[in-house]
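Comments concern the structure below.
Quick note: numbers below take in every heavy atom, side chains included, and nothing from hydrogens, waters or symmetry partners. Given the structure is predicted, the values throughout are model-derived calculations rather than measurements. Ligands are counted one by one from 1 in listed order, and the atoms in each one are counted from 1 as well.
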Amino acid sequence: MSWIREGELTIIERFCANIIKAGPMPKHVAFIMDGNRRYAQKCHVERQQGHSQGFDKLAQTLRWCLNLGIREVTVYAFSIENFKRSKEEVDGLMDLARQKFSRLLEEQESLKKHGVCIRVLGDLPLLPLDIQELIAQAVLATKNYNNDVSESLLDKCLYTSNSPDPDLLIRTSGEVRLSDFLLWQTSHSCLVFQSVLWPEYSFWNLCEAILRFQMNYSALQKARDSYMEERRRQQMERDQAYVAKKLQQEGFASHGDTRRRRTLLQKCTAMREERIQGFLQALEHKRADFFERLCTVSA
Ligand code: IPE
Ligand code: IPE
Ligand code: MG
């Protein structure tokens, strides 16, 4: 039996889903699933039971998202800080994660038909040494090419670079902090904090969060667009300053010779793209090597 696709929406849920879908929908939703232990305490059940129900709630929430046409979901299931909890709790959580996520991955093939793709990522406790080295090399290289370093390069260096930034981030249990989750990627997301404990999360809570996203949609879009425009403007300004310096070195007046300036500008952009691609490929290789070694060690 499928973990995430069992059951459909009720008639009333489907009716409301259709109304909500008439408005702008978030394409990518991130969840900080918080409140499992408080739920266990409230219901007088074992802590592990609270966590287990939390994982099952994730399955149910993914189904709602699928029904609402949300194709990308990122969840915070465990943080580095959570390793400080008792060994018993950490082991219990790891067992649950292994069980539930492997079930999810088994369903990957059938979900692909719905355009759903699953990636399970973990946070790394330390930056792997050779990636640190690579960054050090890149920093040295930027002595000559400091125009290469930009916010968009930083985006491309992150594990999340294959996904668009979340449009909506939801944290349950009334806590109003991000606890280190996707800090960079959510700077222009709609943040919704809800008081419900994660295992009690309902379809209606999700609808409420999406409605809040829709109410703020135009402000969010405007902020995101103007941020992207500002990035482009800054890059153009830096490139133009670089070209003006080059022209001066070649003995041209910095404002003169439009054709030469245009050629230099194109060349400068193309060369930067090439350097960045090279750097990103090297980063990708180092990362793949690191994960391969990690898997060999833990196998
Ligand atoms: C979130 O619930 C799940 C994990 C952190 C693994 P908590 O375990 O943080 O539960 P509360 O917030 O203490 O109730
Ligand atoms: C938050 O964990 C991360 C997850 C929900 C996985 P906590 O609930 O322990 O967060 P803090 O430490 O209280 O912020
Ligand atoms: Mg918590």
Side-chain angles (χ1 to χ4, degrees), residues 3-4 26 28-65 70 72-105 117-127 158-160 163 165-206 208-210 212-213 294 298:
W3 189 46
I4 83 158
H28 181 183
V29 180
F31 290 93
I32 302 181
M33 313 180 291
D34 201 10
N36 292 353
R37 295 185 300 186
R38 275 167 280 170
Y39 169 81
Q41 205 171 24
K42 183 176 139 187
C43 299
H44 310 288
V45 295
E46 293 287 315
R47 201 165 40 197
Q48 180 71 356
Q49 180 64 24
H51 288 314
S52 176
Q53 283 186 231
F55 272 105
D56 289 338
K57 184 55 70 177
L58 168 61
Q60 205 177 11
T61 306
L62 290 176
R63 176 167 65 81
W64 296 328
C65 288
I70 298 164
E72 193 141 3
V73 173
T74 301
V75 298
Y76 203 15
F78 194 84
S79 75
I80 296 298
E81 286 297 303
N82 293 152
F83 276 113
K84 291 183 185 153
R85 296 187 180 184
S86 73
K87 183 174 175 335
E88 187 200 355
E89 188 178 352
V90 172
D91 289 349
L93 275 164
M94 292 297 151
D95 281 347
L96 278 173
R98 253 190 297 275
Q99 256 177 52
K100 308 283 183 178
F101 286 133
S102 52
R103 195 156 165 200
L104 203 58
L105 288 168
C117 175
I118 299 160
R119 274 184 305 153
V120 179
L121 284 180
D123 253 345
L124 296 174
L126 290 168
L127 202 55
L158 300 174
Y159 289 109
T160 48
S163 306
D165 288 342
D167 303 293
L168 169 63
L169 178 136
I170 298 169
R171 182 168 189 158
T172 57
S173 87
E175 304 302 339
V176 288
R177 56 186 178 276
L178 295 180
S179 303
D180 274 349
F181 183 53
L182 300 181
L183 297 182
W184 176 261
Q185 297 87 338
T186 54
S187 58
H188 293 92
S189 308
C190 175
L191 307 182
V192 173
F193 299 99
Q194 298 179 294
S195 56
V196 57
L197 302 173
W198 176 251
E200 294 178 321
Y201 204 67
S202 72
F203 177 75
W204 306 112
N205 292 130
L206 180 60
E208 187 220 336
I210 296 173
R212 284 212 242 159
F213 164 80
L294 200 66
S298 54

* Looking only at heavy atoms, is any part of Leu197 under 4.0 Å from ligand 1, and if so is it the side chain, the backbone, or both, or is it neither? ->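 Leu197 to ligand 1: no contact under 4.0 Å from either part.
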
* Who gets closest to atom 1 (C) of ligand 2 by heavy atom: Arg171, Met33, Glu81, Glu175? -> Arg171

* **Nearest candidate to atom 8 (O) of ligand 1, where distance is taken over non-hydrogen atoms, out of Arg38, Lys42, Arg85** => Arg85

* Asked: With a cut-off of 2.8 Å, does Glu175 place any N/O/S atom under that distance from the Mg ion (ligand 3)?
  -> no

Go through ligand 2 atom by atom and flag the ones less than 4.0 Å from a non-hydrogen atom of [X].
{"X": "Asp34", "value": "8 (O)"}
{"X": "Arg177", "value": "11 (P), 13 (O), 14 (O)"}
{"X": "Ile32", "value": "5 (C)"}
{"X": "Phe78", "value": "6 (C)"}
{"X": "Ala77", "value": "6 (C)"}
{"X": "Ser179", "value": "10 (O), 11 (P), 14 (O)"}

* Considering only protein heavy atoms, which is closest to atom 10 (O) of ligand 1, and at what distance to one decimal place? ->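 Protein heavy atom with the smallest distance to atom 10 (O) of ligand 1: Arg37 N, 3.0 Å.
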
* What residue and atom, counting heavy atoms only, is the protein's closest point to atom 3 (C) of ligand 1, and at what distance? -> Asn36 ND2, 3.5 Å

* **Verify atom 13 (O) of ligand 2: protein non-hydrogen atom under 4.0 angstrom away** => yes

* Does any N or O in the side chain of Ser86 come within less than 3.5 Å of the main-chain N or O of Glu89, such that one atom is a donor and the other an acceptor? -> yes

* To do: Could you give me the CA-CA distance, side-chain angles and deciding distance for Tyr201 and Gln194, then say whether side chain to side chain donor-acceptor pair (under 3.5 Å) is met?
  => CA-CA 9 Å; Tyr201 204 67; Gln194 298 179 294; 2.7 Å; yes

* Would you mind listing which atoms of ligand 1 come within a distance below 4.0 Å of any non-hydrogen atom of His51? =>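 Those qualifying, in numeric order: 8 (O).
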
* Asked: At their closest point, which heavy atom of Leu197 faces which heavy atom of Ser173, and how far apart are they?
  ->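 Minimum heavy-atom contact is CD2-CB, 3.9 Å.
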
* Structure fact -> Correct closest heavy-atom pair for Phe193 and Glu175 would be CD2-O, 3.2 Å

* Asked: Name of the Asp34 N, O or S atom nearest the Mg ion (ligand 3)?
  -> OD1

* Asked: N/O of Tyr76 under 3.5 Å from N/O of ligand 2, yes or no?
  ->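 Checking ligand 2 against Tyr76, no N or O pair falls under 3.5 Å apart.
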
* To do: Kindly confirm or rule out an N or O of Gly35 lying under 3.5 angstrom from an N or O of ligand 1.
  =>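 For ligand 1, there is an N or O atom that lies under 3.5 Å from one belonging to Gly35.
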
